[in-house]
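To start, the structure under review is shown below, and the notes come after it.
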Amino acid sequence: MAAMAMTIRNSASRRTMTSGPISGLRSMSSWWKNVEPAPKDPILGVTEAFLADPSPEKVNVGVGAYRDDNGKPVVLECVREAERRIAGTSFMEYLPMGGSVKMVDETLKLAYGNNSEFIKDKRIAAVQSLSGTGACRLFADFQKRFRPGSEIYIPVPTWSNHHNIWRDAQVPQKTYHYYHPETKGLDFSGLMDDVKNAPEGSFFLLHACAHNPTGVDPTEEQWREISQLFKAKNHFAFFDMAYQGFASGDPKRDAKSIRIFLEDGHHIGISQSYAKNMGLYGQRVGCLSVLCEDEKQAVTVKSQLQQLARPMYSNPPLHGAQIVSTILGDPQLKGLWLKEVKTMADRIIGMRTTLRESLEKLGSPLSWEHVTKQIGMFCYSGLTPEQVDRLTSEYHIYMTRNGRISMAGVTTGNVGYLANAIHEVTKSS
Amino acid sequence: MDSVFSNVVRAPEDPILGVTVAYNNDPSPAKLNLGVGAYRTEEGKPLVLDVVRRAEQQLVNDPSRVKEYIPIAGLADFNKLSAKLILGADSPAIQESRVATIQCLSGTGSLRVGAEFLKKHYHQSVIFIPKPTWGNHPKVFNLAGLSVEYYRYYDPATRGLDFQGLLEDLGAAPSGAIVLLHACAHNPTGVDPTSEQWEQIRQLMRSKSLLPFFDSAYQGFASGSLDTDAHAVRIFVADGGECLIAQSYAKNMGLYGERVGALSIVCKSADVASKVESQVKLVVRPMYSSPPIHGASIVATILKSSDMYNDWTIELKGMADRIINMRQQLFEALQAKGTPGDWSHIIKQIGMFTFTGLNKEQVAFMTKEYHIYMTSDGRISMAGLSSKTVPHLVEAIHAAVTRVA
């Protein structure tokens, strides 16, 4: 007893790392000495490196966040207005596990159509999610729990975090051909072969529009053929739609692939994100939906999605959902949003044209047709990792090593510099 | 085309959130919701703290604020301030950079991310949780891949702590097992160890190398003092050992729906803390990439301004005092009514919840006859009571105790 009292007194008076003669604490080492430092995230690590660079000429065409023509992040006017309306008005109570019903309803209209029969018939199981990542992860967890033997087919290449998501959900992964390096376009026959050769009833991850990282999308005819083959093989289509409106400027057009699959009778799943098209990145707002046979099944599936959300974060964050509901629920604000989305998409399309023309004007020996054929935020330039490294070390231009350029980071102010640098590292190819 | 999910069966209603659903469906004007743990004013209304409104306005009026992705680990100043809040401004662990703090989605998110990290990197995958505990705890740990065992905690006979049982069960736990500890205001019982008992728990745990994982959801909300409510956490950190802490701002800042919280991992060295943080980020990225900005911005705005911080402590004490007052009123009213039984646990227990000791049948009776909604384990949320509604509750308890076995 006395000895214990002594040790208590000792530990209280010596508050350093070497203190703690209590129960051999001094001799105990960390539980975590086996923990290795994790590799930097390949995408987010680029911005970290960019921020650390002191060069005044530096250009960040790494992470996919929109920039205006001055290279500045943008908060949409419709968002500012929505925030003004929200501030000071509402309680901050918990949302239901499935999130804001109003926000989810508006979000489904965007993906499935304003007058969708599936919405009318209440056949869609849908929950608010933590942006696109959260929607994909909830679906992956749901797939693991209810189709435990299944795998997920992922395109090559894809957003790198897709692999992490299905891995952490413990769903085995397979890949399917997608990008054709020679044409810098779609490897359509490779894709169709892989779809055909996959076992019946396989699960496929599809990018609804503006494929990340390549910017290469199937044409409408190609989507129809893919859908037909999916039907023949009874495959499940899970669409990741992170860029609706942001790709062509027209949300309806950007959802075409989904609408084709719906017309053809597929029961699909969709991940939707407002990170880019409403500029709500840090708010983490999105939606996961699964089209079911009937209302009863939709209620059932939704209840199970909620069971997966509850032990992850209990219920989703309020603020971003309030912004989305406010905007989409008000015709005027919604109209403003649509205009602003088109402005962003148009600026990017304009930069693609300018970049391509600049490279051609510089007399590049290579073809840069793909810069304007590809769509959305990213351009898969075809640059090799070594060329990318040169761009960074010699020109302070930051992008991911797969040669993916975020067109949103290109401005009238830096496009010339960028074209020149790309030309310099590729002209001897 | 057949659905690939036609094998899916309907999940049961969440036992806690389901109470509010039932309450909402009840047309009776006398209905009383003592279910979910969200604070209510004397008028029975939700409360947004004044200081939160001010922070909100500040954010909305600042045109330089953007909505970019925040880092995977969350807002840096939020993380630093959160660690300070729970560990104390003068904590050597902070001064020595031994704390890895990651912004997460409230308490739930912090627990889940911490549990996933432990599953991947810790040598033991069993976690001991108190009996009873918040209904979501076992699910969080199970989904993270940890196996759940229970240690005795609540003594129905005394409506207090089964301290002997707790010491025995933790004493029998395998070396290195993870132990979930409610930092203060145990949910659902409101029963906390005394500071002497905490010291004994600490010694026992350190002697068996048990890893503490604190759930701190009520700092400041329990006693009214942020420092007092952090006492248990701080004695563990003061001994130089390691632990995990899940912090929530849902109740103490009333930010429920904004999902603001933090996971802190106190390590032996700065080097280890840095590596640990990098690995926790790998858990977060495939879950939701990065946490939401809004709630954390509000918290950081408040914590970094000494004026707003002070105002917050006053409002926080106001909420805690109202709850302590309700406990007193309920206890005195039951005494005055002569309701059979010893009701002193109502004023001995602390925090938002009281474990009344009423059984399932009595609870069902109170719901049916008196339109009083609570979880079937007899837990009532004191935050849902007001001076006006205490008499109704007393009637109901009296009737239940005298008429239902």
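Every chain is numbered from 1, with letters handed out A, B, ... down the list of sequences.
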Stepwise side chain to side chain contact (heavy atoms under 4.5 Å, CB included) test for A:S131 and A:Y281: CA-CA 8 Å; A:S131 208; A:Y281 309 92; over 6 Å; no
Could you have a look at A:R284, A:R137, A:R145 and say which one has the most heavy-atom pairs with chain B under 4.5 angstrom? A:R284
Could you report the tightest heavy-atom contact between B:A383 and B:A38, atom names first, then the distance? CB-O, 3.9 Å
Report which part of B:P71 has an atom under 4.5 Å of a heavy atom belonging to chain A: side chain, backbone, both, or neither. neither
Check each atom of B:L111 against the heavy atoms of chain A and say whether the ones under 4.5 Å are side chain, backbone, both or neither. neither
So which part of A:S150 gets closer than 4.5 Å to some heavy atom of chain B, the side chain, the backbone, both or neither? neither
Selection from B:S106, B:G109, B:P292, B:S110 maximising heavy-atom pairs under 4.5 Å formed with chain A: B:P292
Hey, which of B:R112, B:H294, B:K139 has the most heavy atom pairs under 4.5 Å with chain A? B:H294
For the residue pair B:F78 and B:Y249, is the inter-centroid distance of their aromatic rings smaller than 6.0 Å? yes
Measure B:L282 against the heavy atoms of chain A and call it side chain, backbone, both or neither at under 4.5 Å. both
Pick from B:P286, B:P12, B:A250 with the largest number of heavy-atom pairs that fall under 4.5 Å of chain A: B:P286
Quick check on the interface: out of A:V299, A:N161, A:I165, who has the most heavy-atom pairs with chain B under 4.5 Å? A:N161
Can you tell which part of B:E258 gets under 4.5 Å to a heavy atom of chain A, answering side chain, backbone, both or neither? both
Looking at A:Q307, A:K296, A:M97, A:R80, which has the largest count of heavy-atom pairs under 4.5 Å with chain B? A:R80
Between A:R85 and A:E81 (salt bridge meaning N to carboxylate O under 4.0 Å), is one present in this structure? yes
Checking heavy atoms, do the side chain of A:K276, its backbone, both or neither come under 4.5 Å from chain B? side chain
Would you please test B:E199 and B:Q203 for side chain to side chain donor-acceptor pair (under 3.5 Å) and show each step? CA-CA 6 Å; B:E199 174 57 21; B:Q203 286 179 33; 2.8 Å; yes
Just to verify, which of B:L47, B:V260, B:L255 counts as forming a side chain to side chain contact (heavy atoms under 4.5 Å, CB included) with A:M92? B:L255
Taking all non-hydrogen atoms of both residues into account, name the closest pair between B:L143 and A:P311 and its distance. CD1-CG, 3.7 Å
Out of B:L105, B:V21, B:N136, which one racks up the most heavy-atom pairs below 4.5 Å with chain A? B:N136
Under 4.5 Å to a heavy atom of chain B? For A:D168 that would be side chain
Atom group of B:V52 that falls short of 4.5 Å from chain A, counting heavy atoms: side chain
Can you check side chain to side chain contact (heavy atoms under 4.5 Å, CB included) on A:K231 and A:H266, steps first, answer last? CA-CA 7 Å; A:K231 245 179 125 160; A:H266 294 282; 3.7 Å; yes
Just give me the residue among A:S314, A:G286, A:A321 that pairs up with chain B most often, heavy atom to heavy atom, under 4.5 Å. A:S314
Against chain A, label B:R53 side chain, backbone, both or neither, depending on which of its atoms sit under 4.5 Å from a heavy atom there. side chain
Which atoms of A:T89 approach chain B - backbone, side chain, both or neither, heavy atom under 4.5 Å: backbone
Heavy-atom pairs under 4.5 Å with chain A - which of B:M287, B:E56, B:E116 has more of them than the others? B:M287
Out of A:A140, A:S129, A:G320, A:S90, which one racks up the most heavy-atom pairs below 4.5 Å with chain B? A:S90
Given heavy-atom pairs under 4.5 angstrom as the criterion, report whether the side chain, backbone, both or neither of B:L75 touches chain A. neither
Which atoms of A:P96 are under 4.5 Å from chain B, going by heavy atoms: the side chain, the backbone, both sets, or neither? neither
I'd like to know if A:E295 pairs up with A:K302 as an ion pair, taking the criterion as any Lys NZ or Arg NE/NH1/NH2 lying under 4.0 Å from an Asp or Glu carboxylate oxygen. no
Could you have a look at B:A93, B:P63, B:A11 and say which one has the most heavy-atom pairs with chain A under 4.5 angstrom? B:A11
Would A:Q173 and A:H163 count as having a side-chain donor-acceptor pair, cut-off 3.5 Å? yes
Proximal component of A:V285, with respect to chain B [non-hydrogen, under 4.5 Å]: neither
Does the gap between the ring centers of A:F236 and A:F139 come in under 6.0 Å? yes
Determine whether a donor-acceptor pair (N or O, by modelled atom type, separation under 3.5 Å) exists between the side chain of B:E242 and the backbone of B:L211. no
Should the pair B:D271-B:K275 be classified as a salt bridge under the 4.0 Å nitrogen-to-oxygen rule? yes
Which atoms form the tightest heavy-atom contact between B:N252 and B:L49, and what is the distance? O-CD1, 3.9 Å
